[in-house]
Amino acid sequence: MRIFLLCAAITFALTIPVQAKSYELASPSGKLKLQIEAAQNTSFSLSVNGKPALENCSLALMLSDGSTLGRDVRVIKARTGRVKDSMDALCYRQSRIESEYNYLTLKLRGNYSLEFRAYDDGVAYRFASSLKDSLTIMDELVEYRFADNFDMLVPYIRPGRSDKYESSFESQYTAHKAGETPCRRFAFMPVYVSLGSDGCLLLMESDIRDYPGIYLQATDYGFKACFTPVGETFKTTSRGVRRSASYCEHIAHTSGTRSFPWRVIAYGDDEKALSVNDMVYKLAEPCKIEDTSWIKPGQAVWDWWSHFTLYGVPFKSGINMDYYKFNIDFASRYGIPYVVLDEGWYKKPVTDLFNVVDNLDIRELSSYALSKGVKLVLWASSGLFDKDLEKVCSHYSELGVGGFKVDFFDAQDQYTLAQIERFASTAAKYHLVLDFHGIFKPFGLSRTWPNILNYEGVYGLEQVKWTDGKVLDHPRYDVSIPFIRMASGPMDYTPGALRNAPRSAYRPVNARPMSQGTRAHQVALYVCLDSPFTMLCDSPSDYLAEDATTRFITSIPTVFDRTLPLGGKVEESFVTARCKDGKWYVGGITSWTPRDIEVSFDFLPEGNWTATVYRDGVNADTVGSDYVIESFDVRNTDKHSFHLAPGGGFALILTK
């Protein structure tokens, strides 16, 4: 079933004289305006509310034959028009997306074109070519020249790797001004830019196909894009993952007839609007899976974060049949559809995904899980998954396994981009869902292949297992990612910690890790974060001992019919409301600053509603696990205030 539906096509089109070199393209409301210069050097400028935001941003594609697309251009034809789109969104924060945009397409001498689009929530451009022969791309010029000294939040690659192109894409944010260069390391997208009273921008990209993703290098004017070159020689890691040992001079070798990735500048008139920005999803290629009925989002029991620990059981906890059958029984009891087997289920030294450890029988375990209404998800390194891809997917699908958590990509070169799409298409053939880890931000591929339920690319809860409290600031990070990282797509943050520490008491512990902030903050993350496939990260033994908390968490859906951001400010707080099947869910979180948050229930339909709230207890500032569950009646004319402890939160379930 194609989930993309074009409701209203072009409403007007016209031809602009070839001699024109300057073009203006405004969003439907006129709030955003692009000024495009197509001459010796092609560039664009962006204004917001009539004020300059980006100026003279050059763009070009450099080819191996010495030619450059976007230089010395001759416009053969320029077409403008308006399009209204309506699309169903599968496994997303809302079930349907409506949008409208104006476009400008410049057909240029040399059998290529440039397309610009202006939505009210962002602008984008891309190259397209129609050449018979293949293309070798030496480089692409992408510039972001800011018109003022805007405030930014930027995720820079963490130090420690010898290859500057290698990254797990897990970083906290560095705050600095546009034009400052506080770090020589590459940054990655999305990047947040504040325009003050005129709103905010996100630098993103969408529909990256057979092409590398963007790194950003800070400059004295903003950023320029950098791309990983194509690998020349290769090595294999201890986990069986392919890595480039040396690089060629070009960044891609690709078809001569194709569209290139969208360069996206998303916009929100306030920060909370960014949390529901759909630019990346809207610009992605529509769904390629004809029948999507088998794709099931949901929560998962996870073994790795809690170090495969159970207690109060009559068997030795660890990677064995008794341990995983216990996890399956726990999942079945609470209606959790998936159980993850993380690293350790296949033998070392690593050879392939068929050499299962002696303590496990995947066929028997999967059969047991299916009898309980649960499916297994198997962890695999990207290299081993790729080694026997068709055979692996066929074999484990036949055993009833539900999908794979594929890890350790740590790159965004052309090879990796082609690899993950190959994974998605092959997995879809065998009705397997995917969760990508050790990977860059989403770029719309979950629309094209909706069996990709989740991406990591986030500084998630796993960091508390090894990061010193002087470095780690999860509450601040948690109230930033909904406005930044989440706009690009879902993220596997892995919430659900039941050992919860105030700032002074936190320390990294691998075997029995704790979170920073309160228990209610952890519960609220299940509402606040987009995560169609989301973990219950802690031990089933702990969740069984905390039945009220577990029942509250497992009653929260992972995808929604509608999402409404209610408030918040980046680095301070975040509040959102979501609807699924007639029920509403509200989540709110704060940084280390305690605060009172008032929720207006005017988003509710008329009638009487019962609100069940999970909130910080009065002593949550010193005992992070202190919480209260209580219920009260509300109508859509009511308001209610909640006090959040440092690193605190609250979650509401509203039933009519």
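Quick note: numbers below take in every heavy atom, side chains included, and nothing from hydrogens, waters or symmetry partners.
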Under 4.5 Å between any side-chain heavy atoms of [X] and [Y], yes or no?
X: R185; Y: K164; result: no
X: L32; Y: Y267; result: yes
X: Y119; Y: S27; result: no
X: S47; Y: Q35; result: no
X: D435; Y: V377; result: no
X: Y192; Y: L274; result: yes
X: Y247; Y: V230; result: no
X: W262; Y: M204; result: no

For the residue pair [X] and [Y], categorise the inter-ring angle as parallel (less than 30°), tilted (30 to 60°) or perpendicular (more than 60°).
X: F409; Y: F423; answer: tilted
X: F186; Y: Y165; answer: tilted
X: Y125; Y: F44; answer: tilted
X: Y455; Y: F443; answer: perpendicular

- Query: Can you tell me if S45 uses its side chain to pair, donor with acceptor, with the backbone of N56 under 3.5 Å?
  - Reply: yes

- Before giving the answer on side chain to side chain contact (heavy atoms under 4.5 Å, CB included), spell out for V570 and Y173 the whole-Å C-alpha distance, their side-chain angles and the decisive distance to 0.1 Å. CA-CA 11 Å; V570 68; Y173 293 108; over 6 Å; no

Looking at every heavy atom in both [X] and [Y], which two are closest together, and how far apart are they?
X: L202; Y: A487; answer: CD1-CB, 3.4 Å
X: V559; Y: P532; answer: CG1-CB, 3.8 Å
X: F404; Y: A380; answer: CD2-CB, 4.3 Å
X: T254; Y: Q414; answer: CB-NE2, 4.1 Å
X: N451; Y: I295; answer: N-CD1, 3.7 Å
X: S244; Y: D413; answer: OG-OD2, 4.3 Å

So how far is it from [X] [atom1] to [Y] [atom2], rounded to the nearest 0.5 Å?
X: D72; Y: N41; atom1: CG; atom2: CG; result: 7.5 Å
X: Q172; Y: I481; atom1: CD; atom2: CD1; result: 10.5 Å
X: R79; Y: L104; atom1: CZ; atom2: CG; result: 11.0 Å
X: D139; Y: L61; atom1: CG; atom2: CG; result: 9.0 Å
X: K21; Y: I36; atom1: NZ; atom2: CD1; result: 14.0 Å
X: D65; Y: M138; atom1: CG; atom2: CE; result: 10.5 Å

- Check step by step if salt bridge (Lys or Arg N to Asp or Glu O under 4.0 Å) holds for D120 and K31. CA-CA 7 Å; D120 284 333; K31 179 174 288 190; over 6 Å; no

- Message: Taking the ring of Y103 and the ring of F116, is the distance between their centroids below 6.0 Å?
- Response: no

- Task: Go through K224 and E143 one step at a time and tell me if the salt bridge (Lys or Arg N to Asp or Glu O under 4.0 Å) criterion holds.
- Result: CA-CA 5 Å; K224 66 176 181 179; E143 288 186 327; over 6 Å; no

With the threshold set at 4.0 Å, does a side-chain nitrogen-carboxylate oxygen contact exist between [X] and [Y]?
X: K51; Y: D148; answer: no
X: E100; Y: R117; answer: no
X: D407; Y: R239; answer: no
X: D352; Y: K387; answer: no
X: R158; Y: E170; answer: yes
X: R242; Y: D386; answer: no
X: E205; Y: R263; answer: yes
X: E166; Y: R161; answer: yes

- Task: Scan D278, T563, D88 and name whichever one has a side chain to side chain donor-acceptor pair (under 3.5 Å) with Q94.
- Result: D278

- Task: Begin from the C-alpha positions of N49 and D198 and carry the test side chain to side chain donor-acceptor pair (under 3.5 Å) through to its verdict.
- Result: CA-CA 7 Å; N49 295 325; D198 290 304; 3.1 Å; yes

- Query: When you look at H250 and T136, which way does the side chain to side chain donor-acceptor pair (under 3.5 Å) test go after all the steps?
  - Reply: CA-CA 7 Å; H250 60 283; T136 298; 5.6 Å; no

- Task: Before giving the answer on side chain to side chain donor-acceptor pair (under 3.5 Å), spell out for E390 and Y430 the whole-Å C-alpha distance, their side-chain angles and the decisive distance to 0.1 Å.
- Result: CA-CA 9 Å; E390 189 87 23; Y430 295 99; 2.5 Å; yes

- Is the closest side-chain donor-acceptor distance between Y211 and E140 under 3.5 Å?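 E140 and Y211 do have a side-chain donor-acceptor pair below 3.5 Å.
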
- Task: Indicate whether any N or O donor in one side chain lies under 3.5 Å from an N or O acceptor in the other, for T233 and S246.
- Result: yes

- Passes ring pair (Phe, Tyr, Trp, His ring centres under 6.0 Å), Y215 versus F188? Steps please. CA-CA 5 Å; Y215 286 114; F188 52 88; 7.6 Å; no

- Message: When you measure from the centre of the six-membered ring of F260, is the NZ or CZ of R126 closer than 6.0 Å and no more than 45° off the axis?
- Response: no

- Item | Working for side chain to side chain contact (heavy atoms under 4.5 Å, CB included), residues I97 and D85 | CA-CA 8 Å; I97 297 172; D85 288 346; over 6 Å; no

- Message: With a sphere of 6.0 Å drawn around CG of D133, does it hold more than 12 non-hydrogen atoms of other residues, nucleotides or ligands?
- Response: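 For D133, atom CG is not crowded (no more than 12 foreign heavy atoms under 6.0 Å).
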
- Task: Verify the neighbour count for atom CD of Q217: are there more than 12 heavy atoms of other residues, nucleotides or ligands below 6.0 Å?
- Result: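 Count over threshold, so yes.
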
- Message: Determine whether D163 and R243 satisfy the following criterion, salt bridge (Lys or Arg N to Asp or Glu O under 4.0 Å), listing intermediate values before the conclusion.
- Response: CA-CA 10 Å; D163 186 344; R243 292 270 191 270; over 6 Å; no

- K84/E98 under salt bridge (Lys or Arg N to Asp or Glu O under 4.0 Å): CA gap, chis, key distance, verdict: CA-CA 8 Å; K84 289 185 178 181; E98 307 285 343; over 6 Å; no

- Message: The test is side chain to side chain contact (heavy atoms under 4.5 Å, CB included); show your working for V154 and M189 and say whether it passes.
- Response: CA-CA 8 Å; V154 186; M189 295 177 164; over 6 Å; no

- Can you check side chain to side chain donor-acceptor pair (under 3.5 Å) on H176 and Y156, steps first, answer last? CA-CA 12 Å; H176 65 84; Y156 286 96; 2.8 Å; yes

